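A short worksheet on the structure shown next.
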Protein chains: 2
Amino acid sequence: MSETTQCKMISADEKKNLQDRLPPLEVLQRLSEFFGVFADETRLKILFFLSQQELCVADLATLTQMGQSAISHPLKVLRLTRLVKYRKEKTSIFYSLDDDHIHSVFEVAMEHILEGDRK
Amino acid sequence: MSETTQCKMISADEKKNLQDRLPPLEVLQRLSEFFGVFADETRLKILFFLSQQELCVADLATLTQMGQSAISHPLKVLRLTRLVKYRKEKTSIFYSLDDDHIHSVFEVAMEHILEGDRK
DNA sequence: TCCATATATGAGTATATATTCATATAATAT
DNA sequence: ATATTATATGAATATATACTCATATATGGA
């Protein structure tokens with residue numbers, strides 16, 4: 001914040017224009033939160049398995065070879081961000097994906113990664 | 001890892017099948033790193049401004065109202081992940097976007113966020 | 001050559017986050 | 001009722017990460 005550098009290749013008008021077009025902070029916050037959910041290997045594994053089929057918590061723990069609590073916590077994050085939904089059956093809780101966009105998100109990400117490999 | 005829960009609604013065959021289809025850990029790592037880059041408001045601001053036009057570091061600092069170092073560090077992350085490119089001109093360094101997918105990434109993310117609002 | 005400017009980098013710190021452990025809750029079965 | 005099973009949750013800890021400050025580098029001009 002306290003800088004001496006004053007390059008300003010852009011004019012005051014351009015500056016104002018650009019700043020005005022910047023999405024509101026609230027939107028930026030929600031965007032970064034959204035991406036943050038995908039920035040974790042455990043949650044990615046869960047999302048992958050759920051993209052294949054509906055699964056209960058215990059099975060997700062088995063599949064990921066992680067503890068039950070280590071699955072419940074990320075599942076809560078996925079619930080709160082509305083990426084998964086669930087239904088109860090007896091004492092089990094079955095989770096499934098709750099967003100059509102998830103596949104698109106992965107596709108774009110994979111494109112970027114694969115493109116990097118080509119270079 | 002040391003759990004007693006053994007729900008296993010899925011069979012041993014299903015389990016093996018699902019685990020085999022899971023993308024390799026290296027891919028999952030790179031995916032989570034990729035998303036992690038977008039999980040930061042400062043980097044999102046930088047990416048937005050660069051989506052509008054090529055800019056030097058000092059201008060990015062002015063636009064974001066952050067210090068020069070606070071911009072250089074995230075720029076390094078964006079460079080290493082190949083999301084931005086740069087060119088030198090005298091003592092300035094001009095950054096610009098280096099990935100066609102970025103717009104798609106944002107579009108999908110915005111769709112999710114807006115959909116959540118509707119509910 | 002010496003100085004000024006623009007940017008990069010490393011260390012330090014403060015904060016966020018993932019995992020573990022222990023425990024709570026909720027539903028079922030005996 | 002009590003025990004059992006599946007899941008959720010809170011606290012604690014360990015690790016990662018963002019920002020600040022100080023300094024280094026690199027380029028151009030005097």
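None of these values were measured; they are calculated from a predicted model. Throughout, protein chains are lettered first and strands after them, A, B, ... in sequence-line order, and every chain is numbered starting at 1.
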### Message
So, does B:R43 get its side chain near the phosphate of D:dT17, meaning an N or O under 4.0 Å from OP1 or OP2?
### Response
no
### Atom-to-atom span, CG of A:L78 to P of C:dA18 - whole angstrom
11 Å
### For atom CZ of B:F94 and atom C1' of C:dT5, their distance in whole Å
13 Å
### Task
Figure out the CG/P separation between A:L60 and C:dT19, and round it to whole Å.
14 Å
### Atom pair distance, as rounded to whole Å: CD1 in A:I93 and P in D:dA6
12 Å
### Query
Is the side chain of B:H112 donor-acceptor paired with the backbone N or O of A:T81 at a distance under 3.5 Å, no angle test?
yes
### Message
Under 3.5 Å, is there any donor-acceptor pair linking the side chain of B:T42 to the base of D:dC19?
### Response
no
### Query
Could you give the NZ-to-C1' distance, from B:K76 to D:dA24, as a whole number of Å?
13 Å
### Query
Looking only at N and O atoms, is any donor in the side chain of B:S69 or the base of D:dC19 less than 3.5 Å from an acceptor on the other one?
no
### Interatomic distance where CE belongs to A:M66 and C1' belongs to D:dA8 [whole Å]
16 Å
### Message
I'd like to know if the side chain of A:S72 reaches the main chain of A:S69, judged simply by a donor and an acceptor atom lying under 3.5 Å from each other, with no hydrogens or angles considered.
### Response
no
### Task
Grab the NZ-C1' distance between A:K45 and C:dA18 for me, whole Å please.
13 Å
### Query
With a non-hydrogen cut-off below 4.0 angstrom, is A:Y86 in contact with a base, only sugar-phosphate, or nothing?
nothing
#### Entry: Atom-to-atom span, CD of B:Q68 to P of D:dA24 - whole angstrom
15 Å
### Query
Does A:H73 make a side-chain donor-acceptor contact with the base of C:dT20, cut-off 3.5 Å?
yes
### Task
Mind checking the CZ-CD spacing from B:F48 to B:E41? Nearest 0.5 Å is all I need.
14.5 Å
### Task
Using a strict cut-off of less than 4.0 Å between a Lys/Arg side-chain nitrogen and an Asp/Glu carboxylate oxygen, indicate whether A:R30 and A:E26 qualify as a salt bridge.
yes
### Query
Under 3.5 Å, side chain of B:R43 to main-chain N/O of B:P74, donor-acceptor pair present?
no
### Query
On a plain distance test, is the side chain of B:S72 in donor-acceptor contact with the base of C:dT9 below 3.5 Å?
no
### Query
Parallel, tilted or perpendicular: which describes the rings of A:F35 and B:F38, with under 30° parallel and over 60° perpendicular?
tilted
### Query
Which one of A:E54, A:R79, A:R87 satisfies the side chain to side chain donor-acceptor pair (under 3.5 Å) criterion with A:Y95?
A:R79
### Query
Side-chain N or O of A:Y95 less than 4.0 angstrom from OP1 or OP2 on D:dA8?
yes
#### Entry: Upstream residue (5' side of DNA chain C) when A:V77 and A:T91 are each assigned their closest nucleotide
A:V77
### Summary
Contact check, residues 25-34 of chain A vs DNA chain C, heavy-atom distance under 4.0 Å, returns none
